[in-house]
Amino acid sequence: MIDLRQLRDDPEAVRASQRARGEDESAVDRVLAADVARRASIAEFERLRAEQKSRGKAVAAAKGEEKQALLAAVKELSEQVKAAQAESDARGAEFDEELRRIPNVVLDGVPPGGEDDYVVVREVGRVPELPEGLDAWRDHLDLGELLGAIDVERGTKVSGSRFYFLTGVGALLELALLNMAVARATAAGFTPMITPTLVKPEVMAGTGFLGAHASEIYHLAEDDLYLTGTSEVALAGYHSDEILDLSNGPKRYAGWSACYRREAGSYGKDTRGIIRVHQFHKVEMFSYCRAEDAAAEHQRLLAFEEEMLAAVEVPYRVIDTAAGDLGSSAARKFDCEAWVPSQGRYRELTSTSNCTTFQARRLSIRERVPAADGSQQTTTRPVATLNGTLATTRWLVAILENHQQADGSVRVPEALRPFLGLDVLTPVA
RNA sequence: GGAGGUGUCGCCUAGUGGCCUAUGGCGCCCGCCUGCUAAGCGGGUUGGGGGCUCAAACCCCCUCGCGGGUUCAAAUCCCGCCACCUCCGCCA
C-alpha cells in the first residue's frame, strides 16, 4: 500500500500518478474521507475506553453496597465502549480497503499511458541474418521438435493446452540455463533460494497480485492457498513481519521455482510453442534495500539481466514500461525483450520492478533507523523491495531461434557450454 | 487423520479474574566507578495507532500465537483456528 503520510501531505502527486496509469483519481479523495472518518471513530472509542478503565479501578477498590452501585453505573458504559469499538473497527476496515485499492505511486520519468506507450531505452546486439540455405526462420517449436527438445503434443495430451514436456537436450538446456543464472547470481552475492510455490492469501495479497489481475492466479480452494506465478511472492513473504538490518547493504536473494499462470483472457495469443504457458521455471532476483537506494538497486538488477542476456548472445532491447502497464506494486518497470527471428519482433524475456516501499508496507517489512530528531532513539520504517528476472523457460525460444543453423542444428552460446556440456545441439534422426 | 502437551518482550522466565500500568534473569544500549579489561552500581531496552505539536516532550488506546465469546473488568475463564513438541495411524 502507498504511504498514507504522502497521501495526506501531497494528494495531488497521487492523483497525478493515477492519471498516468489511467486509473480513477477520485479514489484518492475516498481514501482521505475514509481516513477522517476512521480517526474520528478512533478518538471516540479511545475516550470511552479510557473512562471505562479508570472507572473499573474504582469498582475493584469498592466493597459492598458501594460496589453494587458502581457496577450498575459502569455497565452501560461497557455497552458504549463495545459499540464505539465496533464502529471504529468498521471505519478502519473501510479505510483499509480504500487505501489498498490505490496502486503504487509511479516514479518521476515513467512514461504515462498504456501498454504501447513504452519508451525504448536502448537496443543491444545485432539482429541475426537468415542462415544461407533457409527460406525462412524455423520457429522454436520446429527446432525443438527437430532436436527432440520440446514435446507440446504430449504436454497437451497429459495436461491440456499451454502445457509441454521438455525432453532430452531440451530438459538439459533449461537446467543449464537456470543453473548458469543461479551460479552468476551467487557469484554476485545473491543468496540462492528454492522457494515454496504455494502461499497463503495474505502473502499473495501483500505482493499486490490479488488486485485487478487476480484471475491470472491459480487458487486451491480446498486449502485456501495460491500457486505463485513467480518466486517473487515467496521471497517477498520471506521477511514479512520482520525488522531487517540493512546496515551492511541490501539483502539479495535469487529464487529458483516453478511458476504457474492461468493465462486467463489470453485465448488465441501465443498458442504455438512455449512462449506463453501455464507452468515454467524461473530464476528471480529479489532485493530488500533502503528506500533511498531503490533506484540505484533497480539499475543494478537491470544490469544483471543484461549481462545474462549478453551471456546467451541474443539481441535485445530495454524498454521503460508505461505507467498503465505497471503492476499494482511497481513504481517503475524495465523489461528486456529479446529478438525472436521467426516473429521478426522483440518479446519480453525479463522484467525488473522497483516496488519502492509498497509491498513492504503491506507485508510489514521494516528496518530500524535513528529517530528524525537526532537523539539516540530509533524508529522503524518500511524498506524497498525490487525484483527482476534472471532466466526463464521462455529464454529457450530466443536461444534456439537466434542460434539456429541451416541444417536445423543450434549453436550453444559460449557461456552456456560449461553448464550444458555441448557445443551444438543436433537434430535427432 | 487421531490423542495429549506447549505458545508471555531479541532469548529464557514469573504469572490461576481487579495493586499486571506484565515479573526476574541473560543479551544489548547509555552513564557512573575503575591504570586497561573484567567485575560492581544506576538507568534504558516489543511493536502498532490516536491526540497535541513546525517537530519533540507529553497524554491516551491497542499489543501475552491469531480470531471470536463470557464479564463492569481477561495473559488468566470458554469456543474456533494456527504453529511447534510427544505418541498412534496412513503415505510418495
Side-chain angles (χ1 to χ4, degrees), chain A residues 1-10 31-100 194 196-206 220-226 234 237-248 251 258 357 359-383:
Chain A
M1 71 190 96
I2 64 168
D3 182 4
L4 178 59
R5 181 150 318 194
Q6 183 197 2
L7 183 76
R8 281 184 196 146
D9 293 350
D10 189 5
V31 176
L32 291 171
D35 183 39
V36 170
R38 159 186 158 265
R39 285 193 284 172
S41 69
I42 287 171
E44 175 66 3
F45 161 67
E46 289 187 354
R47 185 184 66 76
L48 288 166
R49 178 67 176 150
E51 190 183 340
Q52 182 187 38
K53 284 176 75 167
S54 68
R55 303 255 299 254
K57 286 202 177 81
V59 173
K63 289 213 162 36
E65 276 181 35
E66 191 193 354
K67 183 160 191 165
Q68 293 310 311
L70 284 171
L71 275 180
V74 98
K75 208 156 188 167
E76 193 194 325
L77 184 57
S78 172
E79 290 306 311
Q80 290 175 21
V81 168
K82 275 207 178 76
Q85 177 156 36
E87 173 72 11
S88 174
D89 287 349
R91 293 290 89 78
E94 283 169 17
F95 163 77
D96 207 50
E97 194 182 324
E98 291 293 349
L99 182 63
R100 280 170 180 270
I194 296 175
T197 53
L198 285 167
V199 301
K200 297 178 181 182
E202 60 264 33
V203 174
M204 192 54 98
L220 301 187
E222 286 280 296
D223 303 282
D224 199 15
L225 289 170
Y226 291 90
Y238 187 68
H239 284 304
S240 58
D241 295 317
E242 293 183 24
I243 296 174
L244 304 181
D245 179 2
L246 296 177
S247 59
N248 294 318
K251 287 188 175 295
T357 55
Q359 290 178 329
R361 201 169 268 114
R362 287 190 176 194
L363 291 167
S364 186
I365 307 166
R366 293 156 294 163
E367 63 169 330
R368 197 173 296 284
V369 290
D373 61 5
S375 69
Q376 285 178 351
Q377 310 273 44
T378 63
T379 183
T380 63
R381 62 169 192 179
V383 304

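Side chains are part of it too, since the values below use all heavy atoms of this structure and drop only hydrogens, waters and symmetry mates.
- Minimum atom distance to the side chain of A:T380 is reached by B:G47, of the listed B:C61, B:G47, B:G50.
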Can you pull every protein N or O that's under 3.5 Å from an N or O on nucleotides 68-75 of chain B?
residue : atom : partner : partner atom : Å
B:C72   : OP1  : A:K75   : NZ           : 2.9
B:C72   : O3'  : A:S78   : OG           : 3.1
B:A73   : OP1  : A:S78   : OG           : 3.0

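- Across the protein-nucleic acid pair, A:E367 atom CD and B:G47 atom P stand 14 Å apart, rounded to whole Å.
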Exercise. In the 5'-to-3' direction, what one-character label does each nucleotide of nucleotides 77-83 of chain B receive under the scheme B = base within less than 4.0 Å of a protein heavy atom, S = sugar-phosphate only, - = no such atom?
Worked result: -------
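- When the nucleotides B:G50, B:G47, B:C61 are ranked by their closest atom to the side chain of A:I42, B:G50 comes out on top.
- In this structure, the CG atom of A:L48 is 16 Å from the P atom of B:G51, given to the nearest Å.
- In this model, the phosphate group of B:G48 is approached by a side-chain N or O of A:R366 to a distance below 4.0 Å at OP1 or OP2.
- Here B:U21 sits opposite no nucleotide as a Watson-Crick or G-U wobble pair (both hydrogen-bonding atom distances under 3.5 Å).
- Checking A:R49 against A:Q52 by side-chain atom types alone, a donor-acceptor pair falls below 3.5 Å.
- Remark: the backbone N or O of A:R100 is paired with a side-chain donor or acceptor of A:R362 at under 3.5 angstrom.
- OP1 or OP2 of B:G47 sits under 4.0 Å from a side-chain N or O of A:R368.
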Name each donor-acceptor pair under 3.5 Å that joins a side chain in residues 86-94 of chain A to protein atoms two or more places apart or in another chain, with its distance.
residue : atom : partner : partner atom : Å
A:E87   : OE1  : A:R91   : NH1          : 3.4
A:E87   : OE2  : A:R91   : NH1          : 2.4
A:R91   : NE   : A:E94   : OE1          : 3.2
A:R91   : NH2  : A:E94   : OE2          : 2.8

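- Considering only side-chain atoms of A:R38, the nucleotide from B:C60, B:G50, B:C62 that sits closest is B:G50.
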